[in-house]
Amino acid sequence: MKLLRTFSVAVSAAALSVGAALSASAETTTLRIQTHFSPETLSGQLAKKFVDDVTAMSNGEIEIEMFYSSAVVKSAETFDAAATGILDCDMTGGAYQTGKNPAFQFAGDLMGGYANPYQQMAWLLHGDGREKINELYNGHNMQFIGWWIPGPESLSSTKPISSVEDFKDWKFRSPPGMATLVFKNLGASPIVMDFNEIFTALETGIIDGADAANLTNNIGLGLYDIAKHTNYPGFHSMPADHLACRMDVWEAMPDHHKAIMEVAMDSLALHNATLNEVKNAQNAKLLRDQGVNLYEWSPEELAKFRQAVKAGWTEFATTPESKELLNSHIEFLTGMGAM
């Protein structure tokens, strides 16, 4: 009995010692992240899921404070806010940074290049996409972590948009980057503005429509309360929203925290693409029932738009970095027989 008690005490002491050592060695990471999505939209809800997943997988070692609806700085300023220490990470999109280098366009939205999110994610995961994007991001003190792609977007409009001809003199909210160039070449009048300004601009007639998001997120923004015309399936744009963190923040993370962040982003990408595909199909039916006009473009009109986009690629890729990224996409697409 004495021997048993001695052994029991020794085991308990060892367990306490191991527990104390684990507690002492536990590392924590605290991140302040901003997204341009509001918490009411599907994308906002999925951003919260990402936070919950990271918290669970890290057993609370990674703590994330998420700022929604560009609450700290404007969407286009989020990247710089993270790079300079106002925030730690940016969860908007690379295309907002085309003013720094047009290469950011090809790190966010090829516009008409990929047919679906799965093709585009394949380039990231299997075409050395992460490495090539980080060659660009690292030069701006940021580390690219991953993408989440909701799928092809749908335009919203107060006027019919069933053909390229309908874009002439069409005033619309445009994201920065190549979209403004392509649509301007087709006769439209793009106006760059933040997400939270779109509804009021539509309501007051400042714009006729918006290049904002897919059907589901457009509903979350309330756009179809005013704009009774849209296109579905989408074709003109499929932006990849990113997660990118400041270099010193990323480098300070232990390896298992880095792995959790990357795996959580890949999980978010799968949930985002599949859930949006389901929701968009369901919402297309609901919008038709509510009297919204949904236009499916003919192959001939799609071909006209694709030609304008391909011309825009060449015109927009004016730096060595942008040409390298564009060529990487084209080689991947042609290698798969998708182009």
Side-chain angles (χ1 to χ4, degrees), residues 34-37 70 73-84 87 89-114 120 123-124 129-150 152-153 155 167 172-186 188-198 207 210-213 236-246 305-306 308-330:
Q34 175 171 286
T35 176
H36 50 321
F37 291 113
S70 302
V73 296
K74 289 184 177 181
S75 302
E77 298 170 0
T78 310
F79 190 89
D80 285 341
T84 56
L87 296 162
C89 304
D90 168 17
M91 205 173 194
T92 60
Y96 281 112
Q97 305 308 314
T98 53
K100 292 179 172 61
N101 189 322
F104 278 97
Q105 177 70 50
F106 306 110
D109 187 3
L110 195 57
M111 282 196 69
Y114 292 98
Q120 193 163 320
W123 174 80
L124 184 75
R130 263 200 179 104
E131 179 183 344
K132 291 185 181 302
I133 291 176
N134 264 319
E135 289 174 7
L136 174 66
Y137 280 44
N138 289 173
H140 295 270
N141 195 32
M142 293 288 279
Q143 177 76 19
F144 171 85
I145 314 302
W147 268 349
W148 52 313
I149 310 169
E153 293 191 337
L155 301 163
F167 289 148
F172 76 107
R173 179 269 177 185
S174 173
M178 195 169 69
T180 60
L181 172 66
V182 171
F183 279 97
K184 189 178 290 184
N185 288 347
L186 291 172
S189 300
I191 302 171
V192 175
M193 64 175 66
D194 218 341
F195 257 46
N196 55 16
E197 300 171 4
I198 299 174
I207 55 176
D211 175 5
H236 76 285
S237 178
M238 190 171 64
D241 299 304
H242 68 199
L243 177 65
C245 297
R246 194 169 62 256
F305 184 82
R306 183 69 181 273
V309 167
K310 289 174 75 174
W313 291 348
T314 305
E315 190 176 347
F316 201 78
T318 56
T319 63
E321 297 85 358
S322 60
K323 290 174 182 176
E324 184 177 350
L325 270 172
L326 175 59
N327 288 336
S328 176
H329 285 296
I330 291 174

Subject >> side-chain contact (heavy atoms from CB on, under 4.5 Å) between Ser75 and Tyr96, intermediate numbers included >> reply: CA-CA 8 Å; Ser75 302; Tyr96 281 112; 3.8 Å; yes
Original post:
Does Asp109 reach the main-chain N or O of Ser237 with its side chain, forming a donor-acceptor pair under 3.5 Å?
Top reply: no
Subject >> Spatial distance of atom OG (Ser70) from atom CG (Asn196) [nearest 0.5 Å] >> reply: 6.5 Å
Original post:
Can you name the nearest heavy-atom pair linking Leu186 to Ala308, along with the distance?
Top reply: CD2-CB, 3.9 Å
**OP:** Decide yes or no on side-chain contact (heavy atoms from CB on, under 4.5 Å) for Gln34 and Val73, but give the supporting numbers first.
**Re:** CA-CA 8 Å; Gln34 175 171 286; Val73 296; 3.6 Å; yes
Original post:
Just how far is it from atom OG of Ser189 to atom NZ of Lys184, taken to the nearest 0.5 Å?
Top reply: 8.5 Å
Subject >> Gap separating the CG atom of Leu325 from the CD1 atom of Ile133, nearest 0.5 angstrom >> reply: 7.0 Å
Original post:
Would the Tyr114 and Trp147 ring centres measure less than 6.0 Å apart?
Top reply: no
Subject >> Polar side-chain atom of Arg246 near backbone of Ala82 as donor-acceptor pair, under 3.5 Å >> reply: yes
**OP:** Would you please test Gln97 and His140 for side-chain contact (heavy atoms from CB on, under 4.5 Å) and show each step?
**Re:** CA-CA 11 Å; Gln97 305 308 314; His140 295 270; over 6 Å; no
Subject >> Closest approach of Arg173 to Ala212 (non-hydrogen atoms, all atoms of both residues) >> reply: NH1-CA, 3.9 Å
**OP:** Taking the side chain as every heavy atom from C-beta outward, state whether Trp148 and Met91 have any atom pair closer than 4.5 Å.
**Re:** yes
**OP:** Check Leu110 against Met178 and note the closest heavy-atom contact, atom names and distance.
**Re:** O-CE, 3.8 Å
**OP:** Apply side chain to side chain donor-acceptor pair (under 3.5 Å) to Asn138 and Gln143, showing your working.
**Re:** CA-CA 6 Å; Asn138 289 173; Gln143 177 76 19; 3.2 Å; yes
Subject >> Working for side-chain contact (heavy atoms from CB on, under 4.5 Å), residues Val182 and His236 >> reply: CA-CA 10 Å; Val182 171; His236 76 285; over 6 Å; no
Subject >> Considering all heavy atoms, the nearest Pro176-Thr98 contact >> reply: C-OG1, 4.2 Å
Original post:
Do Asp80 and Lys100 come close enough that some side-chain heavy atom pair is under 4.5 Å?
Top reply: yes
Original post:
Excluding sequence neighbours, so at least two apart, what forms ring pair (Phe, Tyr, Trp, His ring centres under 6.0 Å) with Tyr137?
Top reply: Phe79, Phe104, Phe144, His242
Original post:
Roughly how far, to the nearest 0.5 Å, is the NZ atom of Lys310 from the CZ atom of Phe305?
Top reply: 13.5 Å
Subject >> Ser174 and Asp211 side chains, donor-acceptor separation under 3.5 Å >> reply: no
**OP:** Verify the neighbour count for atom NZ of Lys74: are there more than 12 heavy atoms of other residues, nucleotides or ligands below 6.0 Å?
**Re:** no
Original post:
In Å and rounded to the nearest 0.5 Å, what is the OG1 to NZ distance from Thr314 to Lys323?
Top reply: 10.0 Å
Original post:
Would you find a donor on one side and an acceptor on the other, under 3.5 Å apart, between the side chain of Asp90 and the backbone of Thr92?
Top reply: yes
Subject >> Which atom of Pro239 lies closest to which atom of Glu153, heavy atoms considered >> reply: CG-OE2, 3.1 Å
**OP:** Calculate, to the nearest 0.5 Å, the distance between atoms NE2 and CD belonging to His329 and Gln120 respectively.
**Re:** 6.5 Å
**OP:** Determine yes or no for a side-chain-to-main-chain donor-acceptor pair under 3.5 angstrom, with Glu321 supplying the side chain and Leu136 the backbone.
**Re:** no
Original post:
Can you find a heavy atom in the side chain of Thr78 that is under 4.5 Å from one in the side chain of His36?
Top reply: no
Original post:
Is there a side-chain contact between Pro190 and Phe172, using heavy atoms and a 4.5 Å cut-off?
Top reply: yes
**OP:** For residues Thr319 and Ser322, report the shortest heavy-atom separation together with the two atoms involved.
**Re:** O-OG, 2.8 Å
Original post:
Is Trp313 reaching over with its side chain to a backbone N or O of Phe106, donor-acceptor style, under 3.5 angstrom?
Top reply: no
